[in-house]
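Below you'll find the structure, written out as structure tokens, and then a few comments.
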There are 2 protein chains.
Amino acid sequence: MEHRPDPLHESPTYLLFEMVRLVRRTATRMYPGQLRLPHLLVLSCVAQLGPLSQREVAERLRMDPGDLVGIVDALEEAGHLERRRDPDDRRRYALEATEDGRLFLGRSLDDRTRLNETLFEPLAPGEIRLFKELMLRVLAHHDERFTVPDGPGQPPAPAAGRPAGRGSHASR
Amino acid sequence: MEHRPDPLHESPTYLLFEMVRLVRRTATRMYPGQLRLPHLLVLSCVAQLGPLSQREVAERLRMDPGDLVGIVDALEEAGHLERRRDPDDRRRYALEATEDGRLFLGRSLDDRTRLNETLFEPLAPGEIRLFKELMLRVLAHHDERFTVPDGPGQPPAPAAGRPAGRGSHASR
DNA sequence: TATTGTTATACTCTATAACTATA
DNA sequence: TATAGTTATAGAGTATAACAATA
């Protein structure tokens, strides 16, 4: 039992890989059959930001518009959202969450919260906050969706490189 | 651009999901065609821990033995490892890394290091160490592969000091 | 061990249709 | 109208990863 000197254990991306495996294993054990994060993300996005076209959803979530079709199909069929047409621009859909969808979303987010509590049990609340903040800093550096507008948080002043521009590479 | 109150942005597992997407996008941009982490893990495991049977590798890496078949096939075909028989128990294989495989592994780990440096550029070295340590604490709590040999209770304190000598750029 | 098959996710490429703006 | 450009949606195809059933 001595594989400590494994250089991969020093790699944050390897540890991220293992973290995601752990999340998946735990999720399927706690909520078998449930939990499809992309579906949840789409529903959450639509529920929060009123009527949206599929293209807007795809952009906000950085999802492939093609993949969105099946997800919206499933959510519509389950009665969680409605696909109407935008009366002003009949090319686009106007997606809106149903009351049922909002209830489902609430339950799903509660499940998610319990999952997080189980997984991060060994960390203190402050450590969890710190963990999230570190991830948000990394994400913001590469993906403008995560840049904080400014305001209540804390001015991200990591003295070191602050390229000022948003994501140096907006992938695609 | 103001969807800050999104409850999912508060969910560490959602942020992990986004981190992994970021890793994948960055990796395929920096090293297209390369980088299959499971292959790297298997090769690393075999290179470090001498001759191993496929079952031993599967257990150590918590991988499906069935999935291992194709991975070992590929690594063998590429000349990175050899599949011999264990002379003491001819039912099992004795997997061993070739010299070529060790060189390839070294290069791959170097690529991985550069990938990590690019991704975690916005964090200070101490923050990266802290980030890894938090993940290791969570992993150790759910998966005995990550328990540190000496101190099962409280792994290395998240002390701010600890320049940790060479640890700073061993970010593989 | 190996084989086979299934599921989930992600990404790419191509195609069609519906609309907008302009000539 | 006619034409060109944009947007929405769809579908095929590929790739990785995890997992289950069975030989």
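Every chain is numbered from 1, with letters handed out A, B, ... down the list of sequences. Note that this is a predicted model, so its numbers are computed, not measured.
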Take the protein atom [atom1] of [X] and the nucleotide atom [atom2] of [N], then report the distance between them rounded to whole Å.
| X | N | atom1 | atom2 | result |
| --- | --- | --- | --- | --- |
| Asp73(A) | dG11(D) | CG | C1' | 12 Å |
| Ile71(B) | dA2(C) | CD1 | C1' | 14 Å |
| Glu59(A) | dT6(D) | CD | P | 15 Å |
| Glu76(B) | dT1(C) | CD | C1' | 13 Å |
| Leu68(B) | dA17(D) | CG | C1' | 14 Å |
| Asp88(A) | dT20(C) | CG | C1' | 14 Å |
| Leu37(B) | dT9(C) | CG | P | 20 Å |
| Tyr93(B) | dA2(C) | OH | C1' | 9 Å |

Looking at [N], I'd like to know if its phosphate oxygens (OP1 or OP2) sit under 4.0 Å from a side-chain N or O belonging to [X].
| X | N | result |
| --- | --- | --- |
| Arg25(A) | dA18(D) | no |
| Gln54(B) | dA2(C) | yes |
| Arg36(A) | dA10(C) | no |
| Arg21(B) | dC11(C) | yes |

Beyond-backbone contact of Leu95(B) with Glu82(B), side-chain heavy atoms, under 4.5 angstrom
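They are not in contact (no side-chain heavy atoms under 4.5 Å apart), so the answer is no.
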[X] side chain, from C-beta outward: closest of [options]:
| X | options | answer |
| --- | --- | --- |
| His39(A) | dA17(D), dA10(D), dT9(C) | dT9(C) |
| Pro38(B) | dA10(D), dT9(C), dA17(D) | dA17(D) |
| Arg24(A) | dT1(C), dA18(D), dC11(C) | dA18(D) |

Under 4.0 Å between any heavy atoms, over every strand shown, what does Arg85(B) touch: base, sugar-phosphate, or nothing? Just pick one.
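Arg85(B): no heavy atom of the nucleic acid under 4.0 Å.
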Mind checking Arg62(B) for me? I need base, sugar-phosphate or nothing, with any heavy atom below 4.0 Å counting as a touch.
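Touches nothing.
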Which sits closer to the 5' end of DNA chain D, Arg92(A) or Gly66(B), going by the nucleotide each is nearest to?
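Its nearest nucleotide lies further toward 5', so the answer is Arg92(A).
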Between Asp64(B) and Glu56(A), which has a closest nucleotide on DNA chain D that is more 5'?
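Its nearest nucleotide lies further toward 5', so the answer is Glu56(A).
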Can you see whether Tyr93(B) has Arg84(B) sitting over its ring - NZ or CZ less than 6.0 Å from the centre and within 45° of the normal?
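Relative to the ring axis of Tyr93(B), which defines the angle, Arg84(B) lies outside at least one limit.
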Count the heavy atoms belonging to other residues, nucleotides or ligands that lie under 6.0 Å from CZ of Arg114(A), then report whether that count exceeds 12.
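Counting neighbours around CZ of Arg114(A), more than 12 heavy atoms of other residues, nucleotides or ligands fall under 6.0 Å, so yes.
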Atom CZ of residue position Arg55(B) - does it have more than 12 heavy atoms of other residues, nucleotides or ligands inside 6.0 Å?
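Count not over threshold, so no.
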Ignoring hydrogens and angles, state whether a donor on the side chain of Gln54(A) or Arg92(A) is under 3.5 Å from an acceptor on the partner side chain.
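The criterion, which ignores hydrogens and geometry beyond distance, is not satisfied for Arg92(A) and Gln54(A).
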